[in-house]
Amino acid sequence: MSNSTHAEITFNEFGLPVATHFDDIYFTNENGLAESNYVFIQHNDLLPRWQIPRAVPFVIAETGFGTGLNLLACWQLLLEQAPEDLVLHFISFEKFPLRQQDLAQALTAFPQLATLADELLAVYPPAEPGCHRRYLAGGRVILDLWIGDISDQLPSWLEHAQHSVDAWFLDGFAPDKNPAMWQQHIYDAMATSTAAGGTFATFTAAGDVRRGLQKAGFEVTKDKGFGRKREMLYGQSVTAQTAKPAAADSPVTIIGGGIAAACLAHELQRLGRTIEIISCGVADAASGNSQGAIYPLLHAQRSPLANYFSLAFDYARHFYTQTSAATWHPVGVVQLGYTEARAQRYEKITRSQANGGPGYDSSLVQLYNAEQTQQLWQHLPACPSLYYPNGGWLAPARTVEALLNGYEVTTTAELTSVTKASSGSRWQLEFANGKVLQRSVVILACGAGLRELLQPFSIGLQNVRGQVTEVRATKTSADCPLVVCYKGYFTPVADHKHCVGATYERDGEDLTPRAADQQENLQNLVDNLAPASWPAQLEPVNNRAAVRNTTKDHLPLVGEIDQGLWVLGGLGSRGFTAAPLAANALASALTKRPLPLPAELWQRLQPQRLLHD
């Protein structure tokens, strides 16, 4: 997975952005919006095509996101003139994303788009490589912004996007300024991803571009260019096929009542699937704590685990902001370097690429010195730390209950086995009370229950017992403004209490709270925040034990075990960070839509990786 950096830009005498690296403009000085409308919207024949009823989103793919002007132009047209049930899926690739403040300044050139621009700016992602999925306009516009070199990102995307694109916008910088964006392998990928009847348009009329597109299987036509540009190209695929539709639109049965099941219900419902939820209870297991931290799990190298969590954390923030604003508190997270070894590890995590580090975006994580740590809160110890400015905490049980509000959850005894029904095309579900059901499409999302259920499929999982201690807030602790992580974690005050957690006992299943675990939680807080004295004054008022389900590589378990039988589990101790993206990816795969993950990362999540003899 390639890394990316922000675009270096200047603003010209007209106040419009110019890319320093390519010495090229992002849009014409005359009227960038008019150019987008003329070149891309008119020459892809979008408005007439949008009037034709369709069951799936209209998919546009673009080379070069730039200022997002083409997205905003399409979004504006959609709201003004498209049928109300039309959904637009806009996929764009960008190696050098603009900084948020530069993007905001660039878009001031279009006051008529200000409302849409503000909505885009509010969810604009960090410059982290991979796909960043965003839902805009109440879900009518889905944006997939793929950050990184298009030569790296296209193959990762293409594997799950064949014959899916209705219109291509070729809008990289001019071929003579940025030849890497205008290569035969890109045109060939366009041809593979284009659906029957799919089209393309581009501002350039360069001969190499025309010949490359023709070689890939596009019929190419010239037309008058916009403004002072003499000519432009547009056309359509003559070889494209229609995407294979998803399997029969049968109801999806979700087994589980925690965050995995709740996220799946939400993601499948917005894709139009009928859902049935069966569970022992709602938010009664590992999803039932009163407070939980949301922040990414990062490494000093760009490991698959770190890559997944950088994207999952980014999507989780977006997901909870849109679905759970009342229970999501983005107050920031600090991870204390309370030993020399931890401090050294944190320094490596925040090294730039130029210094041999992973080069995480600063909006994701920052290294703070001892003084900066204490500026976050004066009662923290004077030690280095990692600071996650966009992290925070949410109320897990309330979040799950809110996400499942409006769905009927059939509560029943525990599911004890899943086997192929005698018909072969359905799955037989047997419950502890003797109840037996048969269903065509089943997703197992039942946390700790997965370990036993998946043993007959030779998939190995581990359960880990964790105990959280609640303490009564003191005058000092009540002022804690953010989540504090060390060997455990300490949350800001809610209902006059804090959560102090959590123990980690492999293969523990006993849910009875233990005095020794309470002591361990409180002692870690005292020891790791020394010499601060306030932790020793905290008084425990409650304990809660639950069992987390985890995998040996700490990546979630997401995918299809056998035809019609899916799983979402192995979320471990970062379930609320990992679950939203995992659910979105599973829902996309199940309905055969483009995935919000690079193909190699999706492969890493598959249940088959955990097969044992």
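- In this structure, the side chain of Asp171 does not engage the main chain of Glu62 through any donor-acceptor pair within 3.5 Å.
- Between Phe58 and Trp50 the shortest side-chain heavy-atom distance falls below 4.5 Å.
- Put simply, the residue from His89, Arg49, Arg54 that forms a side-chain hydrogen bond (donor to acceptor under 3.5 Å, both in side chains) with Asp166 is Arg54.
- How far CG of Leu233 is from OG1 of Thr204: 6.5 Å, rounded to the nearest 0.5 Å.
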Report the C-alpha separation of Leu367 and Leu386 in whole Å, then their side-chain angles, then the decisive distance to 0.1 Å, and conclude whether the side chain to side chain contact (heavy atoms under 4.5 Å, CB included) test is met.
-> CA-CA 5 Å; Leu367 182 67; Leu386 290 182; 4.2 Å; yes
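- Put simply, CG on Leu597 and CG on Asn584 are 8.5 Å apart, with the number rounded to the nearest 0.5 Å.
- Under a cut-off of 6.0 angstrom, the local environment of CD in Gln563 is sparse, with at most 12 non-hydrogen atoms contributed by other residues, nucleotides or ligands.
- Side-chain N or O atoms of Arg230 include none that pairs as donor or acceptor with a backbone N or O of Gly225 at under 3.5 Å.
- In plain terms, the two heavy atoms of Ala73 and Ser36 that are nearest each other are CB-CB, 4.2 Å.
- Looking at Arg133, its side chain never comes within 3.5 Å of a backbone N or O of Leu145 through a donor-acceptor pair.
- Using a distance-only test at 3.5 Å, with no hydrogens or angles considered, no donor-acceptor pair links the side chain of Glu219 to the main chain of Ser237.
- Comment: Asp144 does not engage Arg593 in a salt bridge, judged by the lack of any side-chain N to carboxylate O separation of less than 4.0 angstrom.
- Listed by chain and number, the residues in a side chain to side chain donor-acceptor pair (under 3.5 Å) with Asp223 are His43 (sequence neighbours excluded).
- Between Glu347 and Arg351 there is a salt bridge, since a side-chain N of the basic residue sits under 4.0 Å from a carboxylate O of the acidic one.
- The closest donor-acceptor contact from the side chain of Glu159 to the backbone of Ala599 lies at 3.5 Å or more, if one exists at all.
- For the pair Gln153 and Trp146, the tightest heavy-atom approach, listed with the atom from each and the gap, is OE1-CE3, 3.3 Å.
- Contact between Ala201 and Val39 at its shortest, heavy atoms only, is CB-O, 3.2 Å.
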Just do the side chain to side chain contact (heavy atoms under 4.5 Å, CB included) check on Ile60 and Val165 with the steps written out, would you?
-> CA-CA 6 Å; Ile60 293 172; Val165 177; over 6 Å; no
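- Other residues, nucleotides and ligands place more than 12 heavy atoms under 6.0 Å from the CD atom of Gln372.
- Under the 30°/60° scheme for interplanar angles, the aromatic rings of His266 and Phe319 are found to stand perpendicular.
- Distance alone, capped at 3.5 Å, places no donor-acceptor pair between the Glu267 side chain and the Leu271 backbone.
- Taking the side chain as every heavy atom from C-beta outward, Thr202 and Met232 never approach each other to under 4.5 Å.
- The residues Glu128 and Arg302 are annotated as salt-bridged, a charged nitrogen and a carboxylate oxygen being separated by less than 4.0 angstrom.
- Ring-plane geometry between Tyr387 and Tyr368 is classed as tilted, the angle between the planes lying from 30 to 60 degrees on a 0 to 90 degree scale.
- In this structure, Trp157 has its ring center closer than 6.0 angstrom to the ring center of Phe93.
- Atom NZ of residue Lys215 and atom CG of residue Asp188 lie 7.0 Å apart, to the nearest 0.5 angstrom.
- Between the side chain of Tyr124 and the backbone N or O of Leu98, at least one donor-acceptor pair lies under 3.5 Å.
- Residues Phe313 and Val365 are not in side-chain contact: their nearest non-hydrogen atoms beyond the backbone lie 4.5 Å or more apart.
- Side-chain contact between Phe200 and Thr194 is absent, with no heavy-atom pair separated by less than 4.5 Å.
- In this structure, Trp168 CH2 and Ile91 CD1 are separated by 8.0 Å, a value rounded to the nearest 0.5 Å.
- Nearest heavy-atom pair across Leu46 and Cys74 is CD1-SG, 4.1 Å.
- Of the possible donor and acceptor atoms, one in the side chain of Tyr320 sits under 3.5 Å from a partner among the backbone N and O of Phe576.
- The shortest side-chain heavy-atom distance between Lys224 and Tyr38 falls under the 4.5 Å cut-off.
- Taking every heavy atom of both residues into account, Pro175 and Trp182 meet most closely at CA-CD1, 3.5 Å.
- Contact annotation: the side chain of Ile41 never approaches that of Leu47 to less than 4.5 Å [non-hydrogen atoms, C-beta and beyond].
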From CA spacing to verdict: side chain to side chain contact (heavy atoms under 4.5 Å, CB included), Leu568, Ile254 = CA-CA 10 Å; Leu568 198 168; Ile254 300 170; over 6 Å; no
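- With sequence neighbours excluded, no residue forms a salt bridge (charged side-chain N to carboxylate O under 4.0 Å, His left out) with Arg574.
- Taken from CG in Leu403 to OG1 in Thr323, the straight-line distance is 4.5 Å, to the nearest 0.5 Å.
- Taking the six-membered ring for Trp and thresholds of 30 and 60 degrees, Tyr135 and His318 have nearly parallel ring planes, at less than 30 degrees apart.
- Scored by the side chain to side chain donor-acceptor pair (under 3.5 Å) test, Asn37 finds no partners at all (sequence neighbours excluded).
- When all heavy atoms of Ser164 and Val59 are compared, the pair lying nearest together is O-CB, 3.3 Å.
- Remark: Tyr308 OH to Trp602 CH2 distance equals 9.5 Å, nearest 0.5 Å.
- Salt bridge Asp152/Lys95: absent, no basic N to carboxylate O contact under 4.0 Å.
- Judged purely by atom type and a 3.5 angstrom limit, Tyr360 uses its side chain to pair as donor or acceptor with the backbone of His299.
- With sequence neighbours left out, Leu158 forms a side-chain contact (heavy atoms from CB on, under 4.5 Å) with Ala189, Thr192, Ser193.
- Listed by chain and number, the residues in a side-chain contact (heavy atoms from CB on, under 4.5 Å) with Asp553 are Thr551, Leu555, Arg609 (sequence neighbours excluded).
- Using a 4.5 Å heavy-atom cutoff, the side chains of Gln76 and Gln81 are not in contact.
- Looking at Gln236 and Thr221, their side chains never come closer than 4.5 Å, going by heavy atoms from C-beta outward.
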Criterion side chain to side chain contact (heavy atoms under 4.5 Å, CB included) on Ile443 and Leu590, from CA distance to verdict = CA-CA 10 Å; Ile443 308 175; Leu590 191 150; 4.1 Å; yes
Cut-off 3.5 Å, no hydrogens considered: what does the side-chain donor-acceptor table look like for residues 110-123, sequence neighbours left out?
from	atom 1	to	atom 2	distance (Å)
Glu119	OE2	Ala137	N	2.8

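- Listed for the Gln366 side chain is a donor-acceptor partner under 3.5 Å among the backbone atoms of Ser362.
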